[in-house]
Amino acid sequence: MSLPPITVRTPAKVNLGLSVGPVDAQGYHRIATVYHAISLYDEVKARPSDTVGDISVTVTGEGARQVPTDDSNLAVQAARRLAKAYDVASGVALSVHKTIAVAGGMAGGSSDAAATLVACDALWGTGASREDLLAIAAEIGSDVPFCLFGGTAIGTGRGQTLSSVLSRGSYEWVLGYADGGLSTPAVYAELDRMRADSRARIVAPAIPEELMAALRSGDPYAVGPAMHNDLQAAAMRLRPALRRTLELGEEYGSLGSLVTGSGPTCLFLASDADHAVDLAVALSGSGLCSTVQRATGPVPGARIVT
Ligand code: C5P
């Protein structure tokens with residue numbers, strides 16, 4: 001009898017604060033970030049493979065055509081790493097259904113990798129501990145551990161070292177997508193160029209106390225103005241049109257407007273659900289965004305739904 005498929009739902013992330021420090025020996029930037037998981041989900045299904053040892057993926061949904069299905073796919077890499085760590089020979093057929101924008105700065109590929117670890121662990125009965133899954137996740141990419149973790153958390157190092165944040169409340173978000181994605185390495189490289197040109201002194205990354213206090217209070221009116229992203233200026237140099245999108249959000253009373261992660265997705269904090277609808281309608285009607293979505297956060301990380 002064949003094993004039933006395992007389905008995992010996995011969230012998008014946004015960065016409420018992102019401070020970028022110096023580059024380490026491997027070419028990664030030291031960062032300090034506040035990750036926040038929101039209610040936009042990809043779904044990953046893991047079925048036993050027809051051919052023993054075969055690991056394959058199919059991708060459907062939003063932006064599916066831009067997602068590779070070879071070994072560079074982060075879900076495939078996740079399955080391979082878990083199989084290797086636990087000596088699993090059976091293989092898996094993965095199917096990913098995307099809602100999270102591809103190359104939008106919301107960890108879509110990383111979240112699919114996190115979901116694959118959870119799904120394959122269940123399908124193969126590997127019994128990996130949470131710590132083991134987090135360690136494998138960190139080998140795949142800087143944002144993958146957070147997609148397992150979920151909620152609101154601080155990421156340091158490359159972003160992969162996580163600690164919980166004292167935070168309360170639930171927030172209403174609006175996301176404005178631009179046409180086409182931005183490459184994360186290209187945005188970091190642009191920031192490096194800008195810093196070299198201005199001879200800026202590069203200091204150790206840190207999360208401002210103002211943002212931590214705002215999250216503890218759970219007050220969106222305090223969180224909005226405290227949000228900050230060091231990558232925003234670089235993303236805007238590569239996509240000057242983002243400025244107008246952010247300004248429009250502000251004109252419609254967004255409590256905080258910023259590019260999330262390496263962009264180009266713009267993130268807006270609404271005061272409540274009605275305000276989120278108004279903001280979303282204004283952004284949709286402006287023609288500045290290819291798609292506008294609403295979401296709430298925080299939500300849990302990758303979890304089995306069947
Ligand atoms: O870790 P991940 O593979 O997702 O990172 C993608 C790219 O983003 C890296 O190759 C690097 O160019 C850049 N990056 C960085 N510093 C970080 C995270 C990512 O420079 N902390």
Side-chain angles (χ1 to χ4, degrees), residues 10-37 42 44 57 63 66-68 70-82 96 98 100-117 133-150 153-163 181-196 200 202-207 228-235 237-239 259-265 301-302:
T10 191
K13 67 86 185 153
V14 292
N15 303 80
L16 307 185
L18 176 49
S19 165
V20 181
V23 179
D24 68 16
Q26 288 77 38
Y28 279 79
H29 295 73
R30 297 276 130 199
I31 66 168
T33 187
V34 177
Y35 287 117
H36 182 75
D42 280 359
V44 175
V57 69
Q66 300 155 54
V67 180
D70 59 13
D71 278 2
S72 66
N73 184 291
L74 291 184
V76 170
Q77 289 182 26
R80 285 206 195 291
R81 283 184 190 270
L82 188 73
V96 175
K98 298 213 59 75
I100 307 172
V102 175
M106 298 203 297
S110 300
S111 209
D112 299 342
T116 301
L117 291 178
L133 288 183
L134 285 169
I136 297 172
E139 291 169 10
I140 302 164
S142 312
D143 293 337
V144 183
F146 174 71
C147 298
L148 287 174
F149 209 83
I154 290 190
T156 53
R158 297 173 179 181
Q160 84 285 26
T161 307
L162 298 172
S163 51
L182 271 178
S183 135
T184 303
V187 176
Y188 273 104
E190 185 64 28
L191 177 67
D192 291 341
R193 263 192 299 278
M194 290 169 74
R195 286 178 164 179
I202 299 167
V203 297
I207 303 295
H228 178 78
N229 180 1
D230 276 353
L231 288 177
Q232 176 163 308
R237 273 256 289 238
L238 297 173
R239 286 292 177 80
V259 169
T260 182
S262 52
T265 306

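Start at 1 with the first residue, then count along the sequence. Each ligand, and each atom within it, is numbered from 1 in the order the structure gives. Remember, it's a predicted structure, so these values are computed and weren't measured experimentally.
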Expected list for residues 103-112: side-chain donor-acceptor pairs under 3.5 angstrom, two or more places apart:
unit_1: Ser111; atom_1: OG; unit_2: Thr10; atom_2: OG1; d: 2.8
unit_1: Ser111; atom_1: OG; unit_2: Pro11; atom_2: O; d: 2.5
unit_1: Asp112; atom_1: OD2; unit_2: Lys98; atom_2: NZ; d: 2.7

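- Separation of atoms OG1 (Thr260) and CD (Gln232) is listed at 10.0 Å; rounding is to 0.5 Å.
- Around ligand 1 you find Gly27, Tyr28, His29, Ile31, Gly141, Ser142, Arg158, Thr184, Pro185, Tyr188, each with a heavy-atom distance below 4.0 Å.
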- Val259/Arg239 under side-chain contact (heavy atoms from CB on, under 4.5 Å): CA gap, chis, key distance, verdict: CA-CA 11 Å; Val259 169; Arg239 286 292 177 80; over 6 Å; no

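- Rounding to the nearest 0.5 Å gives a distance of 8.0 Å between OG1 of Thr33 and CG of Leu16.
- If you take CG on Leu133 and CG on Leu148, they are separated by 6.0 Å, rounding to the nearest 0.5 Å.
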- Task: Give the C-alpha distance, both sets of side-chain angles, the deciding distance and a yes or no for side-chain contact (heavy atoms from CB on, under 4.5 Å) between Val76 and Asp70.
- Result: CA-CA 8 Å; Val76 170; Asp70 59 13; over 6 Å; no

